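Written below as structure tokens is the structure these notes are about.
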Amino acid sequence: MSTIIEQADRRTFLKTTSGMVAGLALGGPITEAMAKAAGSPAYNIPLGVYAAYDKAEFLRKSGCSYIEESVAGFLIPEGGDAGYEKNLQQLKSEHFPIKSYVILLPASLKTLGPEANHEAILQRTETVLKRAKECGSQFVVFGSGASRIIPEGFDRAKAKAQHIELTQKMAPLAEKYGVTIAVEPLNRGETNFINSLAEGVEIVDAVRSPRVKLLCDIYHMLKEDEPASEIVKYGKHIVHCHIAEKEKRTPPGVKGDDFRAYLGALKKIGYKGGLSIECFVYTDFEKEAKRGVEVLKQQLSEV
């Protein structure tokens, strides 16, 4: 009698385990359930906020890993060399890292068109990269939409060639100082040139430098109706990311935008770099920035 029971139990066990193995092989509900039960670690990347450096301590306490500053606000301030030295001392005192700097160029310096001024841009860029290195920063963002607007009637191919030529001259400077220039695609409401990740990659591929890479700005992708799949397609070039809500460029949590498709794409490519909330107008900076970080952490944990 015991032998029959043992044989029956063995058959039941084999049926059960073979079903489980089949479920695992197909990656079905059993796999998902087991993964959840095992408590697989949530996706987590360093978060930061674009802000003046006097917000550093607040952002540290709000869960940020770094702050993102602007070139004109920190590296080349209105106070000149003395102003920069003051900023540098503040950075050394606070010990809160500046990962990156936005707005490399003012609108008056053109990268292309009949008023292109590459010599002045290269002089400014070298100062920026030198100081970024002194500050221990990783990236300088090359967006500067007003500097790269192709004038009406100007040959588009010539404009693109001008911009590539300039970026090729920037590359050795970036390599010299060990700071990466992140090419930033912008939406067509800000500029008419380099409006998608694909167009950004065209510049990166033309320059072919380890220190000229791609920035992924999810706000601009949303404005251009650019799908999250483009992140996967061009993921190998992406070194830094920005984010804001689509309608009014508000921090995550103000309008309630769901970024999980884009965050999931970053997870899919194994992205481990920074993600900065980049907004220029706040109703209440401390409340909205803190909430933005919380919302991003929550959405990241859900992808």
Side-chain angles (χ1 to χ4, degrees), residues 46-60 64-111 116-148 163 165-184 186 203-204 207 209-215 217 239-242 273-278 280:
L47 300 179
V49 173
Y50 162 63
Y53 197 73
D54 60 11
K55 302 293 186 184
E57 185 58 26
F58 168 76
L59 293 176
R60 188 204 309 268
C64 289
S65 300
Y66 65 89
I67 189 171
E68 187 150 347
E69 252 279 10
S70 69
V71 166
F74 198 90
L75 299 179
I76 307 182
E78 289 184 0
D81 292 348
Y84 166 66
E85 289 299 328
K86 180 180 178 181
N87 290 342
L88 181 59
Q89 291 309 310
Q90 184 183 10
L91 172 63
K92 291 178 178 179
S93 173
E94 291 280 354
H95 297 294
F96 190 63
I98 302 175
K99 192 177 203 63
S100 183
Y101 304 87
V102 300
I103 317 173
L104 172 59
L105 305 176
S108 58
L109 286 177
K110 306 298 183 185
T111 72
N117 190 345
H118 289 186
E119 183 178 352
I121 290 173
L122 291 170
Q123 288 176 355
R124 178 183 178 88
T125 299
E126 177 148 29
T127 299
V128 167
L129 293 168
K130 178 178 180 292
R131 290 180 174 181
K133 179 182 179 180
E134 291 172 351
C135 293
S137 305
Q138 292 178 269
F139 306 109
V140 170
V141 177
F142 191 12
S144 306
S147 294
R148 70 178 199 228
H163 195 82
E165 179 186 3
L166 171 64
T167 312
Q168 287 172 330
K169 291 176 179 177
M170 288 176 162
L173 300 175
E175 292 166 15
K176 175 182 177 181
Y177 294 107
V179 176
T180 299
I181 293 171
V183 175
E184 182 181 30
L186 303 170
I203 306 302
V204 172
V207 175
S209 166
R211 288 294 177 183
V212 176
K213 296 296 182 180
L214 183 68
L215 184 144
D217 191 316
V239 293
H240 190 49
C241 294
H242 288 165
L275 176 61
S276 302
I277 297 171
E278 188 196 28
F280 296 94

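Only a predicted model underlies this, so the values are computations on that prediction, with no experimental measurement involved.
Taking all atoms of both residues into account, the shortest heavy-atom contact from E278 to D217 is OE1-OD2, 3.3 Å. Taking each heavy atom of E134 and L88 in turn, the nearest pair found is O-CD1, 4.1 Å. Contact detail for I98 and S137: the closest heavy-atom pair is O-OG, 2.7 Å. Of all heavy-atom pairs between K133 and V179, the closest is N-CG2, 3.9 Å. Between A107 and A146, the shortest heavy-atom distance links the atoms CB-CB, 3.6 Å. Taking every heavy atom of both residues into account, G273 and P46 meet most closely at O-CD, 3.3 Å.
With rounding to the nearest 0.5 angstrom, the NE2 atom of H118 is 10.5 Å from the CG atom of L109. Atom OG of S108 and atom CG of N117 lie 9.0 Å apart (nearest 0.5 Å). Between atom NZ of residue K86 and atom CG of residue L91 there is a gap of 14.5 Å, rounded to the nearest 0.5 Å. The distance from atom CD1 of I103 to atom CD of E184, rounded to the nearest 0.5 Å, is 9.5 Å. T125 OG1 to L173 CG: the interatomic distance, rounded to the nearest 0.5 Å, is 7.0 Å. To the nearest 0.5 Å, atom CZ of residue R211 and atom CE of residue M170 are 16.0 Å apart.
Here the side chain of E68 pairs no donor or acceptor atom with the backbone of V102 at under 3.5 angstrom. Between the side chain of S147 and the backbone N or O of P106, at least one donor-acceptor pair lies under 3.5 Å. Within the 3.5 Å criterion, the main-chain N or O of F96 finds a donor-acceptor partner in the side chain of Y53. A donor-acceptor pair under 3.5 Å links the side-chain atoms of S144 to the main chain of L105, judged by distance alone.
Among L166, T167, L104, the single residue meeting the side-chain contact (heavy atoms from CB on, under 4.5 Å) criterion with T111 is L166.
Ring orientation note: the planes of F74 and Y101 are tilted relative to one another, at an angle of 30° to 60°. Relative orientation of the H240 and Y66 rings is tilted, given thresholds of 30° and 60° on the angle between their planes.
E57 and R60 are joined by a salt bridge, as a carboxylate oxygen and a charged side-chain nitrogen come within less than 4.0 angstrom of each other. Ion pair K169/E165 flagged as a salt bridge, since at least one NZ, NE, NH1 or NH2 atom sits closer than 4.0 Å to an Asp/Glu carboxylate oxygen.
Counting heavy-atom neighbours within 6.0 Å of Q89 CD, excluding the residue itself, gives a total above 12.
Counting only N and O atoms by type, the side chains of S100 and Y50 include no donor and acceptor under 3.5 Å apart.
For the pair E69 and N87, the minimum side-chain heavy-atom distance is 4.5 Å or more. The shortest distance between side-chain heavy atoms of L75 and Y84 falls below 4.5 Å. Within the 4.5 Å cutoff, the side chain of H163 has heavy atoms near those of the F142 side chain. Side-chain atoms of V183 and V212, non-hydrogen and from C-beta on, do get closer than 4.5 Å to each other.
The side chain to side chain donor-acceptor pair (under 3.5 Å) check on K99 picks up Q138, with sequence neighbours excluded.
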Practice problem: Verify side-chain contact (heavy atoms from CB on, under 4.5 Å) between V49 and K55, making sure each step is shown before the conclusion. | Solution: CA-CA 9 Å; V49 173; K55 302 293 186 184; over 6 Å; no

